[in-house]
There are 2 protein chains.
Amino acid sequence: MKKLVTLKELSLELGVSVSTVSKALNNDPTIGHYTRERVEHLARARHYIPNQVARNFQRRRSLTIGLIVPNVLDQFFVQAINGVDEVATAKQYSVLVSQTLDVESRSNAILDLMRLDGVDGLIATITPNTTNLTPYRQLEAAGIPVVYIARSLNDPACAQVTLLNTDSARIATNFLLDRGHQQLAYINGPTNVNASQQRRTGFEQALQDRHRLADGTIYQPNSLTAADTDAIMAKAMARADYPTGILAFKTYMAIDAITYLKRTYPERLDQIEFVGFGNLPLLKHLSHKPAASIEENPGLMGQEAMRLLMQLISDKPAESTHIEVPGELVVH
Amino acid sequence: MKKLVTLKELSLELGVSVSTVSKALNNDPTIGHYTRERVEHLARARHYIPNQVARNFQRRRSLTIGLIVPNVLDQFFVQAINGVDEVATAKQYSVLVSQTLDVESRSNAILDLMRLDGVDGLIATITPNTTNLTPYRQLEAAGIPVVYIARSLNDPACAQVTLLNTDSARIATNFLLDRGHQQLAYINGPTNVNASQQRRTGFEQALQDRHRLADGTIYQPNSLTAADTDAIMAKAMARADYPTGILAFKTYMAIDAITYLKRTYPERLDQIEFVGFGNLPLLKHLSHKPAASIEENPGLMGQEAMRLLMQLISDKPAESTHIEVPGELVVH
DNA sequence: TTGTAGGCGTTATCAA
DNA sequence: TTGATAACGCCTACAA
């Protein structure tokens, strides 16, 4: 890295002190008009740009935040990243993105790296089998605030941005009931994640509210992989009263399930309707799509997470550290 | 950001000098065994972590590189990002990702930001209508090397990583010829990008080589949007001798074209075969896919770009500043 | 084997 | 209105 022009060089060339140059360029009112002109002129001529690293060092902050997501091939998270990025850019912050691939050891390694990088704060999606937030707690103890996004543990002390899960699941279930399905199913997400429980509750509540207008079965896959979804579908479809209205924890699961049907029960493809969480951009390319999706507004969630994090970083008392974003049903 | 433990604090507590502590922690052989033990012990106990910002400042580098891509919803670039990230992580580097959305003004704003952030180097995909690399040149003049990825201008002075475009296009075209298509078409990419010309050349060469076994028409859309692809398809399909074997500059265009056919000429859906550049993960979810794709190995391209950039940053004479990655035909 | 001193570029404080 | 000085945390010659 070639050396950049520094304040000192400018000051030498102008015959004024370094601090004068600094102040002039930072619009300090105590600098005379004439001097300021000269300084600004030379700075432009020499293409002076302040050394951000030095500045950050001096201010004891990095103007960088970390963003930890499971997988950047998941469009939900891509949109969330964009949301974070928008707000961050507006506030002069940079964003360091890393993916855990839902492996806890990777997650911990990333955490170490982020601490080394001196991030001012963190936005994170925990891995599905995380039950222990100690690594995160250590960061917080070191003064680096953490905002959890999308997935959370049941811990009121954690700042978090999530979907209004129960309501959204209820809306989705009502949609399936309205379409006249007699046998419903819900394919759940990772058990230790709050959202799974909440969506399940919404599903069950909707059935209750409608006086058990239909039967509902809960299926619990081991992971979010296609293989596990296939296994669940195989089980469900083997029943005589197989479900025809299926709510999926993630739209990706619904897509996998549809692929399974196409392969194994093509004749049922038109009887069975899916609703999944996540209104993904890629849906528009699909010929067989879920009947509807819950728009989770990941971009908005990202924005809110970043705003919340900025408050925590600046030690301002955040009005609320639990933000819930409403979901909307989008019929395809 | 709460203050972290510093070398000074450790030294005070141990009653030794700061430099002793520093050396002890950096495995300087001139430090006595006993002292080193004491220092290391206390450092662990106090959870000392070196202040990376101070370190970077002192070393005049940021251990950060910038990565500029058109769109993070494009799976090609997501995979490229991953490739960059792998190599970067291994070399202790962090990656700052920003997207231009193919808007040149955004691209320039990002460039300014990256310079402010003090990145040590840059990997960039230029916007399609970029003809003037001046903003990039200024960065390079400031000692910040730039590696162009995926898209390039015809300028041998630029370090770049691209696909072996001509060869790949020839392979793809031969595939369509082998499938017996009499009328071929190639839907081109942005005219000022090298890859467009090269792929076009490959298409034409393949036809030549096979003694004009089939007719080939070149179509030039204005942009990569679905609307423009639709317009091209409308034109092509209106002909009596409409093409049945179509090579697309990007698989996304092929997908858009298939969607168009499904809507407007469903009866032709099974006659027409596509090959597109980019073997995207989302293909597996599609019912009507291109007959084949060119695997562009975006992850590998990302890795190579990062390796090349590391060489440029370290001022090592890079063996080659033009890396071409071969593409493979993947039949679906 | 350990310590001292200086410097990296910037900003803030206080004195001139 | 300007300048001198110290400080941020770390590293590294060089001196002791």
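The basis for the numbers below is simple: all heavy atoms, side chains too, and nothing from hydrogens, waters or symmetry mates.
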Looking at B/K8, does any N or O in its side chain come under 4.0 Å of the phosphate oxygens OP1/OP2 on D/dA7?
no
Between B/N51 and D/dC8, is there a contact of a side-chain N or O with OP1 or OP2 at under 4.0 Å?
no
Is the base of D/dT2 touched by the side chain of A/T30 through a donor-acceptor pair closer than 3.5 angstrom?
no
Counting N and O atoms only, with roles assigned by atom type, does the side chain of B/E9 sit under 3.5 Å from a partner on the main chain of B/T6, one being a donor and the other an acceptor?
yes
Under 4.0 angstrom between B/Y34 side-chain N/O and C/dT2 OP1 or OP2
no
Check whether the aromatic ring of A/F57 stacks on the base of D/dC8, taking stacking as ring centres less than 5.5 Å apart and planes within 30° of each other.
yes
Residue among A/R38, A/R46, A/K8 satisfying salt bridge (charged side-chain N to carboxylate O under 4.0 Å, His left out) with A/E13:
A/R46
Presence of B/T6 side-chain N/O under 4.0 Å of D/dG9 phosphate oxygens OP1/OP2
no
Which is true for B/D28 with a 4.0 Å heavy-atom rule: it touches a base, it touches only sugar-phosphate, or it touches nothing?
nothing
Contact under 4.0 Å: A/R55 side-chain N or O vs C/dT11 OP1/OP2:
yes
With a non-hydrogen cut-off below 4.0 angstrom, is A/V16 in contact with a base, only sugar-phosphate, or nothing?
sugar-phosphate
Tell me whether the side-chain N/O atoms of B/S19 come closer than 4.0 Å to OP1 or OP2 in C/dT4.
no
Strictly by modelled atom types, are B/D102 and B/T127 linked by a side-chain donor-acceptor pair under 3.5 Å?
no
